[in-house]
Amino acid sequence: MMKLIEGKPIAEAVYEECEAEFEKLKAAGHLPGLAVVLVGDDPASRAYVGSKERKCQELGMHSVKIEKPADISQEELHAVIEELNADDAIHGILVQLPLPGDLNEDEVILRIDPAKDVDGLHPINLGKLAMDDSTGFAPCTPSGCQRMLIESGIDTTGKHVVIVGRSLLVGKSLALLLMGKGKGGNATVTVAHSRTQDLPSLTRQADILVAAIGIPHFIGPDHVKDGAVVIDVGINRIDDPTAKKGSRLVGDVDFDAVAGKCSAITPVPGGVGRMTIAMLMANTIRACRLRAGL
Ligand code: NAP
């Protein structure tokens, strides 16, 4: 029997933990605060920022949205970050990526106080991730994927995980998490990318296959071993004249063609995407707790 790993109930469990932590912090006189910086007017980025803001409000957190035009200079953007670093009401800072134009993302991320880097992309936090030091913040989408595996009772110990995609935001960070020695780790991880040769023969060796590519329906039945677990990180909008909006979201996995071969699979939408914001909220509440010394 194939198991559908839905993001909603797992994200709800994370939110319940967040609420319990939040109440403790509030009782001790601390209000977690998240600042999201949006540069330019990309509709997808705006939609993501809107969902983050709504979730902060639902949880009763302090939330600040800072919008800047696409022609902001690198120095002006650094000044925004420095102001947020100095703001005691802000515990988490997230710069919505990608940044438009020639803005240098790495330079911006380097300026975020690592203790407020709830997106987990500062080199200090990525270094801690590589060192198996759990005092840092892990990037939200990879930690959401790991949490889905844990909550679904899928033991990663000794399993061969193949991750297709090597971005820092997803593939590379997830590899570090899954090969780490903590809960939901101890896997043997292979990371594939656009230069990998004979990808299907590699992915067919995976007990757990993760797709983080950005190409709709890229992973088909030829890529998947019978009984594998498939985690689809992809979020791609494709045209669909039968849909109300004329388009719909699909993953990097051809779900209909692959699901029958899997022991478990995440859907898109309704899978990993649900987890990213939940892990962001959890990281922000933890940042507040750590600053409060609780
Ligand atoms: P990205 O930075 O564009 O990275 C894509 C990766 O896929 C790269 O490593 C690339 O290889 C690899 N790739 C591209 N074509 C390939 C091919 N033909 N064969 C093998 N590998 C190939 O994308 P990303 O930020 O990691 O995002 C990946 C997907 O996840 C996107 O659909 C994105 O929308 C989605 N996403 C979802 C969430 C969520 O909350 N669920 C969060 C973030 C991203 P090279 O490095 O060699 O170019």
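In listed order, ligands and their atoms are each counted from 1.
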Closest protein heavy atom (residue, atom, distance) for [atom]:
atom	result
atom 21 (N) of ligand 1	H193 C, 3.1 Å
atom 40 (O) of ligand 1	T276 OG1, 2.6 Å
atom 10 (C) of ligand 1	S194 N, 4.3 Å
atom 8 (C) of ligand 1	R166 N, 3.9 Å
atom 44 (C) of ligand 1	V170 CG2, 3.9 Å
atom 12 (C) of ligand 1	G165 CA, 4.1 Å
atom 19 (N) of ligand 1	F218 CZ, 3.6 Å
atom 29 (C) of ligand 1	G214 N, 3.7 Å

Considering distance alone, does some N or O of I235 sit under 3.5 Å from an N or O of ligand 1?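 Yes: some nitrogen or oxygen of I235 is under 3.5 Å from one in ligand 1.
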Mind checking whether S167 has an N or O less than 3.5 Å away from an N or O of ligand 1?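 Indeed, backbone or side chain, S167 has an N or O that close.
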For [Y], is there an ion pair with [X] - N to carboxylate O distance below 4.0 angstrom?
X	Y	value
K68	E76	no
R46	E67	yes
E17	R147	yes
D240	R248	yes

Proximal atoms of ligand 1 relative to [X] (non-hydrogen, under 4.0 Å):
X	answer
N236	32 (O)
V164	20 (C), 21 (N)
I215	15 (N)

Pairwise distance OG1(T156) to CG(L149) - rounded to 0.5 angstrom: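 With rounding to 0.5 Å, OG1 (T156) is 7.0 Å from CG (L149).
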Distance, nearest 0.5 Å, that separates NZ of K55 from CG of L280: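 Result: 12.0 Å between the selected atoms.
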Between the side chains of H78 and Q74, is a donor N or O closer than 3.5 angstrom to an acceptor N or O?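 H78 vs Q74: donor-acceptor pair found between side chains.
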Just to be sure I read this right, does ligand 1 sit under 4.0 Å from the backbone of T196, its side chain, both, or neither, counting only heavy atoms?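 No part of T196 is near ligand 1 at this cut-off.
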Under a 4.0 Å heavy-atom limit, does I213 contact ligand 1 with its side chain, its backbone, both, or neither?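 It is both parts that get close, each with some atom under 4.0 Å.
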If the contact criterion is a heavy-atom separation under 4.0 Å, does [X] count as touching ligand 1?
X	result
T141	yes
A212	yes
G273	yes

Establish, yes or no, whether a centroid distance under 6.0 Å links the rings of F218 and H223.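 Yes, they do, as the ring centres are separated by less than 6.0 Å.
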Show, in sequence, the C-alpha distance, side-chain angles and deciding distance for R111 and E107, and conclude whether the salt bridge (Lys or Arg N to Asp or Glu O under 4.0 Å) test is met. CA-CA 7 Å; R111 279 168 173 79; E107 286 296 328; 2.9 Å; yes
Is the backbone N or O of G158 less than 3.5 Å from a side-chain atom of N186, with the two atoms forming a donor-acceptor pair by type?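 No; judged by distance alone, with no hydrogens or angles, the pair does not exist.
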Closest to atom 25 (O) of ligand 1 (judged by heavy-atom distance), picking from V233, D232, L169: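 When every heavy atom of V233, D232, L169 is considered, L169 comes closest to atom 25 (O) of ligand 1.
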So, for I219 and V258, which heavy atoms are closest and what is the spacing to 0.1 Å?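 Distance-wise, the nearest heavy atoms are O-CG2, 3.7 Å.
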Common cluster, V189/L169, ILVMFWY with side-chain heavy-atom separation under 4.5 Å: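 Per the 4.5 Å side-chain linkage, V189 and L169 are co-clustered.
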